[in-house]
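Comments concern the structure below.
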Protein chains: 2
Amino acid sequence: MAVDIREVARRSGVSPATASRALNAHPNVADATRARVLATARELGYQPNQQARALVRQRSDTVGLIWDTGYVRTHGRQSFLQDLLVALKMALAETGYHLMLLSPSSTAASPSDFVSIAAQHSLEGVALMAVNAHLPAVDALIASRRPCVGLDLPVRGARASYVSADNQQGTALAVEHLAGLGHRRIATITGGAGMMPGVERREGFSAAMAAAGLDVPPEYVAEGDFFLESGLAAMRRLLALPSPPTAVFAAGDLMAIGAVRAAEEAGLSVPRDVSVVGFDDIEPASLVHPGLTTVGQDYLAMGRAAVELLVQIIADPRVTGPRGGARRGPAPRLLPGRLVVRGTTAPPA
Amino acid sequence: MAVDIREVARRSGVSPATASRALNAHPNVADATRARVLATARELGYQPNQQARALVRQRSDTVGLIWDTGYVRTHGRQSFLQDLLVALKMALAETGYHLMLLSPSSTAASPSDFVSIAAQHSLEGVALMAVNAHLPAVDALIASRRPCVGLDLPVRGARASYVSADNQQGTALAVEHLAGLGHRRIATITGGAGMMPGVERREGFSAAMAAAGLDVPPEYVAEGDFFLESGLAAMRRLLALPSPPTAVFAAGDLMAIGAVRAAEEAGLSVPRDVSVVGFDDIEPASLVHPGLTTVGQDYLAMGRAAVELLVQIIADPRVTGPRGGARRGPAPRLLPGRLVVRGTTAPPA
DNA sequence: TTGTACGCGTTATCAT
DNA sequence: ATGATAACGCGTACAA
């Protein structure tokens, strides 16, 4: 049914080798011959078999995505990651790569042996999302020198790097906005301690507050986990404080929305009684009322950056420096956030 | 670097053929031999090359997803589709299939030749999302007899079927809820005319209204396209009517949220002055204030159903009935919706 | 410039 | 029960 390269060759009156060369734009083939082969190929609707191609070329024009969606069952969706996936797909499409979704749990044999998965499919690169960066399986993957790019995940290695929001800058934007409005008692609701965005935004908050000459009492740091409920709970704790904050920076929009809800439940009005700023600018941020003031990430740009980075690492000749060169891969790409002022921030009462 | 089956065979003292049989649980192999092969395979960390495997077996344990995300650039994200993708991925992972994201535009040669794409990768099945079901490329794909499953897309064929919400039932739920509250002047904001959900919910609305003994004047049908802006615009038109509706059923949550916003902009209070019901129960539905009353879809169940359907079609021996049997594939799976009552519905003033 | 022959890693057929 | 051998479809030394 499917027409193979030998058929094309035969109908063109050349050998399969020549046909292959013609089709793959090799230099040493007569123009007339190439034209003839290309013509019959088009005519026959020839499409090279990717399996065979990958087998002999040892590459597959495919990158894999490792994304542990286990949290969905217990906590619900995470919009930003979904947006990111779409962006990744779109950016990848333009480069000609396909994207294969691998499930850490899909290999019954070795539950999370990313190295094997990648090798089995001759993946040219791997993108990682929402997995614990400290997993041995991730270390092993990086050590295997297969091109890797982390999305909001600090993977570094000879052929690995990552993209993420510039959390320091973004957080500073939020704090400056709040301070600029006149707030001095500013608290934060943090993301999970294990995730880079959580950690960096937590640290960025302290730094930005210090830069603004503001104090951060320990009780003004309420721990959350990026999901709605944790924002609700954290805000309740903050509001119960003897000296509650007049503004809150939440490390994620979902938590910020939870915080707003908690404030309203407590009989407060946002932003009159308390201001709230989020991070990410997920779709609901513009839909809730009042609209959430937040630090927006350009997820399409982030997807593009991730692909650029990955392509760059893939293209990089695997030159091992002296002594096997434990060289670092390209520098991470930090994408600046922009402040999106909506309706949850105002000067303190 | 990677260890192949011949290495395993050699170290086990058997031929590659026997090693293959042992590893693939073939019947005719001595227990002792199998044990030995399995042991050395594990010891060596042997992982079969999927390319080679797919090449010779003519199948790849991979299903493709065709999802045209072109709309993202112009209209923005569509949460429900993203949710659906996640569900698909999760369900697929449990069956051992991998999921390959194909971009209609990723093949420079033939822009949307799904048949070729599927053939090139030996895809065992293809899932379709957000593509125009009337595209010639889709017809060709179905005609190629490659197992297909549409997600909210009415693809039918010998080896093709689809899953979708039971739009008739879901819409009836919404209308009955509204009628039960005492509303009689109920309008609808429709989805795109080209998409199945839009069409079916439009028709379901008329049917449900008729069943409730209510009239639907033509001006009570405002056309939208599932995106927020269209909901806003449609609601403005409805409210400008000489005799505006007291309740509105929007075919999608985003449009419903837009409708609520338009009502508020017009100085109306929801649900006191006008009630609004949506469809899908996307994440923002529970986040907006007041919470959106809507017809909830279980997206995880839908993903599972899609995978079950696809697996069923794949497993089905391609028995062609008499005369080449243009038999229909399995019946579509319609998933019932459930009414999620939140804060945008109340009895008419 | 072109053709021959081999190998990529695996499974399937047919002997034994 | 096991082993040799031949595919699967393609790219690429090497020879011509």
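Throughout, a chain's letter reflects where its sequence line sits, starting with A, and its residues are numbered from 1.
Contact annotation for Val29(B): backbone-only contact, meaning every heavy-atom pair under 4.0 Å involves sugar-phosphate atoms and none involves a base. At the heavy-atom level, Ile5(A) lies under 4.0 Å from the strands shown only through sugar-phosphate atoms. Counting non-hydrogen atoms under 4.0 angstrom, Ala30(A) reaches the backbone sugars and phosphates but no base. As judged by a 4.0 angstrom heavy-atom cut-off over every strand, Pro16(A) is placed among residues making no nucleic acid contact.
At whole-Å resolution of the value, NE2 in His121(B) and C1' in dG9(D) are 14 Å apart. Distance CG (Asp31(B)) to P (dT2(D)): 10 Å, rounded to an integer number of Å. Atom CZ of Arg59(A) and atom C1' of dC10(D) are 14 Å apart (whole Å). Computed from coordinates, the Arg53(A) CZ to dG11(D) C1' distance equals 9 Å when rounded to whole Å. Taking atom CD of Gln47(A) as the reference point, atom P of dC8(D) lies 20 Å away to the nearest angstrom. Whole-Å rounding puts the Asn28(B) CG to dA15(C) P distance at 17 Å. The nearest whole Å value for the distance from the CZ atom in Arg34(A) to the C1' atom in dT1(C) is 11 Å. Here dC8(D) presents its P atom at 14 Å from CG of Leu55(A), a figure rounded to the nearest Å.
Listed pair Thr18(B) / dT2(D) fails the phosphate criterion, with no side-chain N or O lying under 4.0 Å from OP1 or OP2. Using a 4.0 Å cut-off, some side-chain N or O of Thr33(A) falls inside it from OP1 or OP2 of dT2(C). The side chain of Arg6(B) contributes no N or O atom lying less than 4.0 Å from OP1 or OP2 of dT10(C). Residue His26(A) has a polar side-chain atom (N or O) positioned under 4.0 Å from OP1 or OP2 of dT12(D). Between dT1(C) and Arg21(A), no contact under 4.0 Å exists linking OP1 or OP2 to a side-chain N or O. Listed pair Ser20(B) / dT11(C) meets the phosphate criterion, a side-chain N or O lying under 4.0 Å from OP1 or OP2. Side-chain nitrogen and oxygen atoms of Asn24(A) include at least one within less than 4.0 Å of the OP1 or OP2 phosphate oxygen of dG11(D).
Residues Arg36(A) and Glu43(A) are not paired through a salt bridge, judged by the lack of any N-O separation under 4.0 Å between the basic side chain and the carboxylate.
Between Asn49(B) atom CG and Asp4(B) atom CG the span is 9.5 Å, to the nearest 0.5 Å.
Nearest to the side-chain atoms of Val14(A) among the listed nucleotides dG3(C), dA7(D), dG3(D) stands dG3(C). For Arg57(A), the side-chain atoms get nearest to dG11(D) when compared with the rest of dG3(D), dG11(D), dT11(C).
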(message) Please evaluate residues Arg333(A) and Glu308(A) with respect to the criterion salt bridge (charged side-chain N to carboxylate O under 4.0 Å, His left out), reporting the C-alpha separation (whole Å), side-chain torsions for both, the decisive distance (0.1 Å), and the verdict.
(response) CA-CA 10 Å; Arg333(A) 296 265 310 253; Glu308(A) 284 167 16; 2.9 Å; yes

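For the pair Thr18(B) (side chain) and Pro16(B) (backbone), a donor-acceptor distance under 3.5 Å is absent.
When the options Arg159(A), Arg59(A), Arg146(A) are evaluated for a salt bridge (Lys or Arg N to Asp or Glu O under 4.0 Å) with Glu124(A), the one that passes is Arg59(A).
Contact between Ser161(A) and Pro330(A) at its shortest, heavy atoms only, is OG-O, 2.7 Å.
Across the interface with DNA chain D, nearest-nucleotide mapping of Ser15(B) and Gln58(B) shows Ser15(B) to be the residue nearer the 5′ end.
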